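These notes concern the structure reproduced below.
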Amino acid sequence: MLEAGKPATPLKSETLQVLLERGLVNQASDLEALDARLAEGPVTVYAGFDATAASLHVGHLMPLMTLRWMQKLGHRPIAVLGGGTTQVGDPSFRNEARPLLDELKIASNVSGIRRCIERLVSMDGDDGALLVDNAEWLTEFRFLEFLRDYGSQFTVNRMVTFESVKSRLDTQSPLTVLEFCYMMLQAVDFLELSRRYNCEMQIGGSDQWGNIVNGIELGRKADGRKLHGLTVPLLTTASGAKMGKTAAGAVWLHPEHLSPFVFWQFWRNTADADVGRFLRLFTELPMNEVERLSALEGHELNDAKKVLATQVTAIVHGPEEARKALEQGEALFGGAEELLEPTHVLPRIRLSEGLGLLELLVLVGFAGSNGEARRLVEGGGVRLNRQVVDDARRQITAGNLQADDRLALAVGKRRKALVGFD
RNA sequence: GGAGGAGUGCCCGAGUGGCUAAAGGGGGCGGACUGUAAAUCCGCUGGCUAUGCCUACGUUGGUUCGAAUCCAACCUCCUCCA
């Protein structure tokens, strides 16, 4: 185990050096052995993703960036979608059972998540990254067979020593057998992947540590293989809060859940204190450039934030979207107060049918309910075509459209929408 | 197995029959200031077809004109005894 940024001895592998200097390492199972193995040649490495939502969010960017770097350095990533394990629910560090999702919902989530991952790691070619769903093997097991083959490799004695389980037991919160067995499933995943794809390494969030260690131990007991594990740090902001939430919810990676421009804005609004760390973690700029940008002071740091936002957006949504987002951001805050392209398009009949301002705010996602929209309006935070509107009963009609036939809607300083009608 | 204490809104936490959609703080959002930052100050912070209605104080029933507040059972947590 090691603390980030403090290698005990000089590292032999470029891979580990890069991951460390980017700040992507929290702890590793056996750092020296892992370093030696990585220096030897390409490995196959996997990270698992729960299928609990239809898109990944910025928190997932840490393991994804790790896979991406490793692919760049010649290793082969496997992204494992938890189509099987999600049917059980990871109990780690939770005080109560997660609601279980049905298979149909999971299947649709899997396809959205696949889309997110594809942007970060290349799946092309024979040696491209693999995307596998653990439902493939987990759903095949029959109970007795599973107990015989794997149950014998785990001792309850060992399982209860894991922090994730211990906390539940210590506080006497109920931990069902179903949840308890989750770690077996994830361990079996690792074993299966090592057998099927010669996968030797797993990465995950720091909350996955126990699950990862279990897999490593299973590999050793069942097959006598040396497997490796690495966790990435928990993503927090400088103010200590868990990162990745905005007013509208999580910062999704899927463009259908969060537009590239809003995504860009999220990064543009990074607090000063986080800029350097985020540049290292979420961009691929060379370290000297990262350092130059982080050293900027005062309002010049805003330039570093734009670079950060544009770089991250380019990775997640592509360079074209990133360029457009930057352009839009510049225009919007450079005085134009106007988006370049409509962010939303509504049927024109809505204008004659009667469209309330509150309803419109909900439609474009600036408010989660009419009540919230009302509060925004009454608090003076809403502007229609650059003018503050504080009448919550305001109706939108054709007469409100600007010369360009559009409607400029803004909430606060940063949230802006341009609504077109056709 | 026995005795006592506790379970409140996104989180922490006050509240022991009507004045409680529920103090206070955190977080979040909006406003002012600024650099689309931080800090600070001010406001808002359950939903709705909205001078009213619905949902909400572990769960389910009950008492009462009226319950987060009283009673019963159940679930869960904490402390002490065996």
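The sequence lines fix the lettering, A, B, ..., with proteins before strands; numbering per chain opens at 1. Here the structure is a predicted model, which means the values were calculated and not measured.
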Nearest-Å distance once atom [atom1] is located in both [N] and [M]:
{"N": "B/rG47", "M": "B/rG31", "atom1": "C1'", "result": "25 Å"}
{"N": "B/rU55", "M": "B/rG9", "atom1": "C1'", "result": "12 Å"}
{"N": "B/rA6", "M": "B/rC57", "atom1": "C1'", "result": "14 Å"}
{"N": "B/rU69", "M": "B/rG61", "atom1": "P", "result": "15 Å"}
{"N": "B/rC78", "M": "B/rC71", "atom1": "C1'", "result": "24 Å"}
{"N": "B/rU45", "M": "B/rC11", "atom1": "C1'", "result": "14 Å"}
{"N": "B/rG24", "M": "B/rA14", "atom1": "C1'", "result": "7 Å"}
{"N": "B/rU20", "M": "B/rG52", "atom1": "P", "result": "16 Å"}

Under 4.0 Å between a Lys/Arg side-chain N and an Asp/Glu carboxylate O for [X] and [Y]?
{"X": "A/Arg158", "Y": "A/Glu217", "answer": "yes"}
{"X": "A/Arg350", "Y": "A/Glu359", "answer": "yes"}
{"X": "A/Lys324", "Y": "A/Glu321", "answer": "yes"}
{"X": "A/Glu118", "Y": "A/Arg115", "answer": "no"}

Base paired to [N] (Watson-Crick or G-U; both N/O distances under 3.5 angstrom):
{"N": "B/rU34", "answer": "none"}
{"N": "B/rG4", "answer": "B/rC78"}
{"N": "B/rG18", "answer": "B/rC65"}
{"N": "B/rC44", "answer": "B/rG28"}
{"N": "B/rA39", "answer": "none"}
{"N": "B/rA23", "answer": "none"}

| Contact class for A/Arg374 (heavy atom, under 4.0 Å): base, sugar-phosphate, or nothing? | base
| request: Run through A/Ile216, A/Leu218, A/Val80 and flag the one making a side-chain contact (heavy atoms from CB on, under 4.5 Å) with A/Phe190. | output: A/Ile216
What are the atom names and distances for every N/O pair under 3.5 Å that joins the protein to nucleotides 44-48 of chain B?
{"unit_1": "B/rG47", "atom_1": "OP1", "unit_2": "A/Ser369", "atom_2": "OG", "d": "2.6"}
{"unit_1": "B/rG47", "atom_1": "OP2", "unit_2": "A/Arg375", "atom_2": "NH2", "d": "2.3"}
{"unit_1": "B/rC48", "atom_1": "OP1", "unit_2": "A/Asn370", "atom_2": "N", "d": "3.0"}
{"unit_1": "B/rC48", "atom_1": "OP2", "unit_2": "A/Gly371", "atom_2": "N", "d": "3.0"}

| When the ring planes of A/His254 and A/His257 are compared, do they come out parallel, tilted or perpendicular, using 30° and 60° as the limits? | perpendicular
| request: Could you label the plane-to-plane angle of the A/Phe282 and A/Trp267 rings as parallel, tilted or perpendicular, counting under 30° as parallel and over 60° as perpendicular? | output: tilted
| query | Can you tell me how far NE2 of A/His317 sits from OG of A/Ser259, rounded to the nearest 0.5 angstrom? | reply | 7.5 Å
| remark: Output for pair (A/Ile212 CD1, A/Met183 CE), nearest 0.5 Å, gives 12.5 Å
| query | Would you say the side-chain atoms of A/Gln202 and A/Gln186 include a donor-acceptor pair closer than 3.5 Å? | reply | yes
| remark: Counting primed atoms, P, OP1 and OP2 as sugar-phosphate and everything else as base, the B/S/- map of nucleotides 30-37 of chain B against protein heavy atoms under 4.0 Å is SS-BBBBB
